Amino acid sequence: MPERDTGTMRVLRRLEDGNPSARLRAALAVGTTPDPRFVDRLVERCAIEAEFHVREMLTWALTRHPSSMTVPKLVDELRSERAQARSQALHTLSKIGDRQAWPAITRALLTDADDEVARSAWRAAVALVPEGEEPGLAAVLATQLGRGERATRLSLSRALIALGEVVTPILRAATTDPDPRVRQHASATERLSRDPDAGFEFAVEEAKRIAALGTTGQEG
């Protein structure tokens with residue numbers, strides 16, 4: 001046990017190493033040989049890790065541990081004042097896929113002022129939503145139409161499309177919203193759902209063209 005404890009402490013120290021490659025290797029080692037003693041440090045590190053690839057490896061390492069241990073700690077992180085802590089916890093919950101976390105995906109997170117947190121919440125919500133809850137989730141997501149730059153709008157479109165047919169009437173209603181950004185985003189999402197291969201940029205440009213012509217573009 002003393003030798004094992006020494007090895008554990010060595011790995012935990014490497015998670016704090018100034019070299020991102022060393023932190024990446026440490027996270028890989030933790031995931032390769034899961035140990036309950038790593039969970040708290042992994043969650044803590046997710047909240048502050050600057051390197052994307054290291055964060056992804058930390059998430060992978062957490063998914064290698066029992067969800068009964070990780071999910072409650074990740075849910076606690078959703079109340080953090082640190083945006084990265086909330087965002088990464090949501091991302092990890094979406095990867096774990098344990099629907100017991102669903103009640104923690106609140107409207108406040110789905111409408112979080114931080115775009116990265118909101119995007120992570122949308123992905124997590126789509127991954128965890130129980131059967132029958134999709135219409136309510138779609139209604140909340142629709143309140144974010146027109147928000148942010150391209151990456152944010154595309155994330156929302158993908159989340160809405162993933163919910164299936166329940167979003168059709170919601171998007172149709174949004175195409176008549178007083179806000180032109182909402183109308184354009186809703187139209188682009190409709191078109192992307194019908195023709196995923198066309199791509200988001202094409203859908204946006206087509207929505208702009210139709211708006212300029214003053215027509216909904218719906219076939220009679």
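Remember, it's a predicted structure, so these values are computed and weren't measured experimentally.
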Atom pair SG/CD of C46 and E77 - distance to nearest 0.5 Å: 8.5 Å

Verdict with reasoning, E190 to R194, per side chain to side chain contact (heavy atoms under 4.5 Å, CB included): CA-CA 6 Å; E190 279 190 326; R194 292 197 297 269; 3.9 Å; yes

Smallest separation among heavy atoms of H53 and L24, with atom names: O-CD1, 3.6 Å

Straight-line distance of L110 CG to Q144 CD, nearest 0.5 Å: 8.0 Å

Ion pair check, R147 and D115, cut-off under 4.0 Å: yes

Distance in Å, I161 CD1 paired with L192 CG, rounded so as to fall on 0.5 Å steps: 4.0 Å

Backbone N/O of R153 and side chain of S157: donor-acceptor pair under 3.5 Å: yes

H65 side-chain N/O to V39 backbone N/O, donor-acceptor pair under 3.5 Å: no

Chi angles and distances behind the side chain to side chain contact (heavy atoms under 4.5 Å, CB included) call for D35, V11: CA-CA 11 Å; D35 186 319; V11 172; over 6 Å; no

Backbone N/O of V30 and side chain of T33: donor-acceptor pair under 3.5 Å: no

Step-by-step side chain to side chain contact (heavy atoms under 4.5 Å, CB included) determination, L58 to V54: CA-CA 6 Å; L58 292 168; V54 179; 4.3 Å; yes

Which residues share a side chain to side chain contact (heavy atoms under 4.5 Å, CB included) with P178, sequence neighbours left out: none

Donor-acceptor contact below 3.5 Å, side chain S187 vs main chain Q184: no

Test log, rule side chain to side chain contact (heavy atoms under 4.5 Å, CB included), inputs V71 and V75: CA-CA 6 Å; V71 169; V75 166; 4.1 Å; yes

Candidates I105, L141, L90 - the one meeting side chain to side chain contact (heavy atoms under 4.5 Å, CB included) with W122: L141

Pairing residues for E116 by the side chain to side chain donor-acceptor pair (under 3.5 Å) criterion, not counting sequence neighbours: R119

Those residues that, when tested against D179, pass side chain to side chain donor-acceptor pair (under 3.5 Å) (two or more places apart): R181

Summary of salt bridge (Lys or Arg N to Asp or Glu O under 4.0 Å) pairs that have at least one residue in residues 134-144, sequence neighbours excluded: none

Selection residues 95-114 - residue pairs positive for salt bridge (Lys or Arg N to Asp or Glu O under 4.0 Å), sequence neighbours left out: R86-D112

Pairs where residues 42-51 contributes a residue and the test side chain to side chain donor-acceptor pair (under 3.5 Å) is met, not counting sequence neighbours: E16-R45, R23-E49, R45-E49

